[in-house]
2 protein chains.
Amino acid sequence: MAARYQQIAQELREAIRQGEYAIGTLLPSEGDLAARYAVSRGTVRQAVAVLEQDGSVAARQGARRVVLGEVPTHSFAEMQSFSMWATSRGHVPGAKVLSVEVGAARQEEADRLRINVGDDVVRLQRIRTLDDEPVMVERSFFPGLVAEHILAMDLTAGSITEQLTALGFVHAHGDHLIDAVSATTLEARLLGVRRGSPLLRQRWLASSPTGQPLAWSEDSYRHDAVIINVRNSMSANTLARLSARS
Amino acid sequence: MAARYQQIAQELREAIRQGEYAIGTLLPSEGDLAARYAVSRGTVRQAVAVLEQDGSVAARQGARRVVLGEVPTHSFAEMQSFSMWATSRGHVPGAKVLSVEVGAARQEEADRLRINVGDDVVRLQRIRTLDDEPVMVERSFFPGLVAEHILAMDLTAGSITEQLTALGFVHAHGDHLIDAVSATTLEARLLGVRRGSPLLRQRWLASSPTGQPLAWSEDSYRHDAVIINVRNSMSANTLARLSARS
DNA sequence: CAGTGGTCTAGACCACTCG
DNA sequence: GAGTGGTCTAGACCACTGT
């Protein structure tokens, strides 16, 4: 059963979506909401903090909260899994395996997965499709910890993330590096675009609740297939702009 | 004066940075920290919530928090301003104005800035440089609300965001759309790259604390100049992957 | 089982916004 | 100055982790 504050957050989200609290208008005060839901002010604050986090309402000390609007909410799981994302948007996801191998970790792989050079890693390359159309080239690396599970999976079925979760390897954190690259000759052929065509590259590390790296992946998307959306604010900032060159 | 919980968060961040709490080890319990800092458990929870938000520590019910590591923290202001970002990284930012004009808002501009078609907008195009090297083409649009201020500014001095902030127009929220595009002939010439070369495009809306749009900008970076970093987690997700085509 | 984080309460005072 | 959000306290009980 979800916590009371989460229920309240959900009800408020719903109310905003249905126009009960219109965009640009003020949310009731914390005291009013506490009375309405018969909870303490602390619980109300937890609830509205969720909406502030989403960027759905804005808070300023001394004034009532402003409704910013409904935001396209994406669960963490949808962001971590190509298959879940595709399915939730009404597309049929697919995967074609190009290669799978077990090997000794090279320096970069060891750094990314926080293991030692020479430790086992599984390397996997796949083409990912949306409705049978190729949209992304995926190069993934997994630490020895999950190697046997990866090798035992049906890698064309789609979501490795979901299968790992079912085995108890929960993805709790993600760290993403996003840039633009030119399609190599191979990538161009696989994706059906011209060589040198722009690709949106998303390199990311998934970690367990204890911070243990579970997977590193380099995903290169056709530029016409995907747009990444990030929201931030003075109170919640997880976004940074890095120099590509030292 | 900063709140007590912010001071504590800062001290903990510092302690992690200096290796007092090593990566992978456990943070002291909330009770211990409360005693150590002579505050209530609630205040300690506010402090560690800040670190969890940053992705610097991970929490799991029933177990002590795990130290994930120091994270490259970027203030919200640095993300919103090219100049502040460049300066904080030791580069010299520059700007060259290509054009400035006031006009009647077209449909798309009106939608982005939440104004009416035909209302005043300021359109500004600039080349942004790092150490005198062109790295980004910027196309910005401002609503009538701030038009007179924009026109009165020295637009080659760099940060419009900072100048607007000084005038009381605080940027409190950001909403970013990130994708990859091909350089047009004009962009290629301005940036010194080949036509068709990949650019990392970041389109974003900045809003005031009340949700009032203050600026919309389309920034196209040379692909070798910038990488965007985003962190998310099960408890804090502001990241979404959108389809480029409906 | 003991320890620990997650949720909730009731009350207090302060800082800020706005009419 | 009244209203409202921001901070902090002290205490309670529950849910989960690990030994």
Side-chain angles (χ1 to χ4, degrees), chain A residues 1-12 21 24-53 56-68 168-170 172-173 208-212 233-236, chain B residues 1-12 21 24-53 56-68 168-170 172-173 208-212 233-236:
Chain A
M1 188 48 186
R4 188 78 183 98
Y5 79 88
Q6 287 167 338
Q7 297 171 21
I8 295 172
Q10 188 50 45
E11 288 185 42
L12 290 174
Y21 300 126
T25 63
L26 302 177
L27 219 56
S29 71
E30 294 176 0
D32 286 355
L33 289 172
R36 181 172 319 180
Y37 290 106
V39 296
S40 74
R41 196 179 144 216
T43 300
V44 166
R45 282 180 65 78
Q46 277 186 285
V48 296
V50 174
L51 303 189
E52 281 165 35
Q53 184 65 30
S56 174
V57 305
R60 304 142 58 211
Q61 183 170 16
R64 297 235 300 277
R65 287 179 178 77
V66 179
V67 178
L68 296 180
F169 296 96
V170 178
H173 306 278
S208 75
T210 60
Q212 171 70 242
S233 69
M234 286 195 300
S235 61
Chain B
M1 186 50 183
R4 188 78 183 99
Y5 79 88
Q6 286 167 338
Q7 296 171 20
I8 294 172
Q10 188 50 45
E11 287 184 42
L12 290 173
Y21 300 126
T25 63
L26 303 177
L27 219 56
S29 72
E30 295 176 1
D32 286 354
L33 290 171
R36 181 172 319 179
Y37 290 105
V39 296
S40 73
R41 198 181 142 214
T43 300
V44 166
R45 282 181 64 79
Q46 277 185 285
V48 296
V50 174
L51 303 189
E52 281 166 35
Q53 185 64 30
S56 172
V57 305
R60 303 142 59 211
Q61 183 170 16
R64 297 236 298 277
R65 286 178 177 77
V66 180
V67 177
L68 295 181
F169 296 97
V170 179
H173 305 278
S208 75
T210 60
Q212 171 71 242
S233 70
M234 286 195 300
S235 61

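Being a predicted model, the structure only gives us computed values, none of them experimental. Reminder, nothing fancy here: chain letters follow the sequence lines and each chain counts from 1.
At whole-Å resolution of the value, CZ in B:R4 and C1' in D:dG6 are 16 Å apart. Rounded to an integer number of Å, the gap from CG of B:L33 to P of C:dG5 is 8 Å. Going from atom CZ of B:R65 over to atom P of D:dC16 covers 16 Å, rounded to whole Å. Counting to the nearest Å, the P atom of D:dG6 and the CD atom of B:Q6 are 12 Å from each other. One interatomic measurement links the two molecules: CG of B:L26 to P of C:dG3, which rounds to 16 Å at whole-angstrom precision. As rounded to whole Å, 17 Å separates atom C1' of C:dG6 from atom CZ of B:R64. A:Y37 has its OH atom 14 Å from the P atom of C:dC8, to the nearest Å.
Looking only at side-chain heavy atoms (C-beta outward), B:I8 and B:L33 stay at 4.5 Å or farther from each other. Between A:V50 and A:Q6, every side-chain heavy-atom pair lies at or beyond the 4.5 Å cut-off.
For A:S208 against A:H173, the heavy-atom pair with the smallest separation is O-CD2, 3.3 Å. Listed here is the closest heavy atom pair of A:R36 and A:P28: NH2-CG, 4.0 Å. Contact detail for A:L51 and A:L12: the closest heavy-atom pair is CD1-CB, 3.6 Å.
Scanning for ring pair (Phe, Tyr, Trp, His ring centres under 6.0 Å) contacts around B:Y5 gives an empty result, with sequence neighbours left out.
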TODO: For nucleotides 9-19 of chain C, just jot down a letter per nucleotide in 5' to 3' order: B, S or -, based on protein non-hydrogen atoms under 4.0 Å.
DONE: B--B--BBBS-
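Residue B:Y5 places its side chain closer to D:dC8 than to any other of D:dC8, D:dG6, C:dT7. Among D:dT4, C:dG6, C:dT4, the nucleotide with an atom closest to any side-chain atom of B:S29 is C:dT4. The B:R45 side chain lies nearest to C:dT7 when the options are D:dT4, C:dT7, D:dT7.
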